[in-house]
Amino acid sequence: MTTDSPIAAQSLFAAYAGVIDAALDALVAKDALPAGLARGAVTCEPPRDAAHGDLATNAAMVLAKPAGTNPRALATLLVEELAAHPRVASAEIAGPGFINLRLVDAAWIDELALIGTAGGDYGRSTLGGGTTVNVEYVSANPTGPMHMGHCRGAVVGDALAALLQFAGHKVIKEYYVNDAGAQVDVLARSAHLRYREALGEDVGAVPEGLYPGDYLVPVGQALAAEYGDRYVAAPESEWLVLFRQKAVAAMLVMIKEDLAKLGIVHDLFSSEAELQAAGKPEAAEAWLRAHDLVYDGHLEAPKGKTPEDWEPVELPLFRSTRFGDDQDRPIKKSDGSWTYFGADLAYHFQKAETADALVDIWGADHAGTVKRIKAAVAALTGAEGAKPKPFEVKLVQMVQLLRDGQPVKMSKRAGNFVTLADVVEEVGKDVVRFTMLTRKPDAQMDFDFAKVVEASKDNPVFYVQYAHARICSTLRKGAELGWAPSAANLALLGQEELGLVKLAAQFPRIVEGAALAREPHRIAFFLYDLAAAFHAYWNFGNDKPEKRFIVAQDKDLTEARLFLAAQIGQVVKNGLAILGVEAAQEL
RNA sequence: GCGCCCAUAGCUCAGCAGGAUAGAGCGCAGAAUUCCUAAUUCUGAGGCCACUGGUUCGAAUCCAGUUGGGCGCACCA
């Protein structure tokens with residue numbers, strides 16, 4: 001388990017939500033507003049258009065109706081209360097009943113100083129309340145190296161885990177190892193072939209139905225070195241389990257290396273085989289039968305095209321239709337072994353025992369199984385009136401790989417899939433990670449090798465990293481002159497500079513919003529906006545030398561601006577840390 | 001046939017628990033330009049938020065249906 005300290009700076013917006021709340025209390029005390037009105041819908045947000053002010057609240061619009069008055073009348077009263085607050089420079093009614101607040105400069109200067117104090121903790125939230133969230137992601141079959149089909153889910157899951165941790169959750173980063181199904185038997189047979197090859201046998205082309213990849217060659221060699229020719233002519237029953245276990249272990253080593261190249265390290269690898277050996281699926285089945293949630297029944301024919309060899313069989317079925325699924329699902333096959341779902345159900349039950357909430361990151365090609373697993377978790381954790389454990393399946397859509405605008409063909413059978421390691425090597429970890437997070441996960445995306453490595457402002461990765469590098473460069477330049485960032489004279493900062501602070505100050509609420517929505521891509525978009533504002537200010541200095549960070553002969557002003565630059569850089573760095581992207585010192 | 005996801009500027013996409021005149025980049029049209037770091041900068045035009053209904057003070061956002069695209073639909077994983 002990975003745990004961060006729960007120190008968190010209160011978001012400025014949350015603080016002023018409290019001010020608004022207090023103003024409403026004051027109105028209640030004056031009998032100007034009925035007591036006990038629900039205030040859940042009252043917001044305190046930055047207005048869409050910064051020209052409207054620093055903060056806006058919809059309180060008057062939301063409360064007018066239950067208070068039996070009209071929005072503008074209520075807003076007038078509320079404005080009087082709010083305007084009396086020492087940190088509120090102005091409060092005015094706008095549009096249909098919004099109240100726009102402008103804060104005194106000191107409020108933003110204090111926020112800037114707070115960034116300096118909080119440092120790497122700026123933006124950290126207590127939202128999660130220390131509850132444990134299990135994030136399961138990647139969980140690729142241990143039958144070969146990671147390929148690009150796994151990449152998006154891996155990055156999104158990893159960034160989400162970091163985000164939730166930053167937002168005050170304990171997080172368990174988990175990988176489910178499917179080491180019990182037919183595909184790992186195929187792996188074992190493929191390894192056996194390579195084992196015979198390593199002992200000098202001419203095995204020819206890899207037969208259809210076995211994994212052809214070269215990555216099994218060293219596995220065969222290791223088996224040959226360890227066991228000699230003991231299993232060359234032996235029946236499968238003598239070596240299958242052993243070879244399966246050895247080959248899976250080797251694949252996991254490889255997968256972990258691939259993930260490490262992307263900066264991904266899971267806390268926990270859970271083995272399906274161990275789960276089964278421990279009898280977890282049996283226990284789940286018994287429990288479900290006792291609650292009439294599993295019965296022996298006949299499977300419906302597949303929808304649409306019915307295969308020629310279709311025949312009805314009796315199998316133990318889970319009543320997933322009771323929880324919104326389209327049909328009941330088998331937990332065992334006709335040969336008595338567990339279906340993937342049967343084991344997965346027990347696995348999720350196990351996860352639910354050690355976490356307060358579960359999140360799975362899956363590829364969109366598994367969307368069809370979401371309903372049954374959600375049904376299973378609801379059934380297993382929500383028995384006898386208990387509140388089911390929160391469980392979400394986040395689907396990441398397909399990524400189309402392009403090279404110079406042309407689709408890159410991937411065929412697993414032909415063994416020419418694009419591996420994750422190759423792509424990371426070609427374009428770099430940071431580019432892969434950031435690019436995967438520049439689209440909301442439920443939209444399909446293109447990944448064009450040519451475009452993602454382009455070092456220009458059109459490329460969001462470089463645009464954001466360049467902002468940080470530029471800041472570092474400026475600080476170095478200042479240091480050469482003997483000047484260092486200082487919070488001593490921040491009152492010298494003007495409105496343009498405070499504009500940057502106002503944007504940076506949104507970071508804590510962006511973090512919370514992204515964590516609640518389980519959408520780490522929001523961090524990436526925020527960083528792009530912040531970088532854009534920084535670059536715009538920088539360019540401003542081209543025409544107006546007096547607006548540059550370093551102003552000759554003015555130590556106090558320069559040190560205040562260097563402090564500003566340092567804190568913008570800090571926020572960029574904190575955001576990039578969530579995404580798992582380096583904050584480059586120079587490009 | 002059924003289920004899930006998507007549809008926003010010419011293109012690629014954001015849109016924050018329903019809020020004000022719907023944003024950014026590219027492209028396009030004008031203009032400026034040797035700059036603390038080295039990717040030039042500024043301004044402008046460009047929209048029935050796929051369509052139709054509904055919910056309400058208020059909808060790109062929520063609900064229902066329609067159209068178009070992606071993914072999936074056996075005891076595989």
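Residue numbers begin at 1 in each chain, while the letters A, B, ... track the order of the sequences. Just so you know, these numbers come straight off a predicted model, no measurement behind them.
Residue A:Lys333 qualifies as enclosed at atom NZ: its count of foreign heavy atoms under 6.0 Å is above 12. Residue A:Lys573 qualifies as open at atom NZ: its count of foreign heavy atoms under 6.0 Å is 12 or below.
In this structure, B:rU40 forms a base pair with B:rA32, meeting either the Watson-Crick or the G-U wobble geometry with both donor-acceptor distances under 3.5 Å. B:rC4 is paired with B:rG70 under the Watson-Crick or G-U wobble criterion, all donor-acceptor distances under 3.5 Å. Within the shown strands, B:rC11 is the pairing partner of B:rG25 under the Watson-Crick or G-U definition, both distances less than 3.5 Å. Across all strands shown, the partner of B:rA64 is B:rU52, judged by Watson-Crick or G-U wobble contacts whose two distances both fall under 3.5 Å. The partner of B:rC75, taking Watson-Crick or G-U wobble pairs whose two distances both stay under 3.5 Å, does not exist in any strand shown.
Here the nucleotide nearest the side chain of A:Gln444, chosen from B:rA20, B:rG69, B:rC13, is B:rG69. Looking at the side chain of A:Pro330, the nearest of the listed nucleotides B:rC75, B:rA60, B:rC4 is B:rC75. Side-chain proximity of A:Lys457 to B:rC5, B:rC75, B:rU41: nearest is B:rU41. Checking B:rG15, B:rC36, B:rC75 against the side-chain heavy atoms of A:Leu315 singles out B:rC75 as nearest. Among B:rA77, B:rC26, B:rA60, the nucleotide with an atom closest to any side-chain atom of A:Asp458 is B:rC26. Residue A:Glu519 has its side chain nearest to B:rG15 when only B:rG72, B:rG15, B:rC36 are considered.
Straight-line distance between the C1' atoms of B:rA77 and B:rU67: roughly 34 Å, to the nearest whole Å. When the P atom is used for both B:rU21 and B:rG10, the distance is 22 Å, rounded to whole Å. Remark: the separation of the P atoms in B:rA38 and B:rG69 is 50 Å, to the nearest Å. B:rG15 and B:rU34 are spaced 40 Å apart, taking the P atom of each and rounding to whole Å. Taking atom C1' in both B:rU61 and B:rA17, one finds a spacing of 10 Å when rounded to whole Å. On the C1' atoms, B:rU41 is 7 Å away from B:rU33, given to the nearest whole Å. Look at the C1' atom in both B:rG47 and B:rG23: the space between them is 12 Å, to the nearest Å.
Residue A:His366 places none of its side-chain N or O atoms closer than 4.0 Å to OP1 or OP2 of B:rG3. A sub-4.0 Å separation between OP1 or OP2 of B:rA7 and a side-chain N or O of A:Lys440 is present. Checking the phosphate oxygens (OP1, OP2) of B:rC16, no side-chain nitrogen or oxygen of A:Arg522 falls inside 4.0 Å. Residue A:Lys477 places none of its side-chain N or O atoms closer than 4.0 Å to OP1 or OP2 of B:rC36.
Of the possible donor and acceptor atoms, one in the side chain of A:Arg518 sits under 3.5 Å from a partner among the backbone N and O of A:Ala515.
At a cut-off of 3.5 angstrom, counting only N and O atoms as typed in the model, there is a donor on one side and an acceptor on the other between the side-chain of A:Ser334 and the base of B:rC75.
Within the nucleic acid shown, A:Asn100 comes within 4.0 Å of at least one base atom, counting heavy atoms only. The residue A:Tyr340 sits close to a base: some heavy atom pair falls under 4.0 Å.
Between A:Glu496 and the choices A:Lys544, A:Lys547, A:Arg548, the salt bridge (Lys or Arg N to Asp or Glu O under 4.0 Å) rule is met once, by A:Lys547.
The cationic atom of A:Arg561 (NZ for Lys, CZ for Arg) does not lie both less than 6.0 Å from the six-membered ring centre of A:Phe549 and within 45° of the ring axis.
For A:Tyr137 and A:Tyr175, the ring centers are positioned 6.0 Å apart or more.
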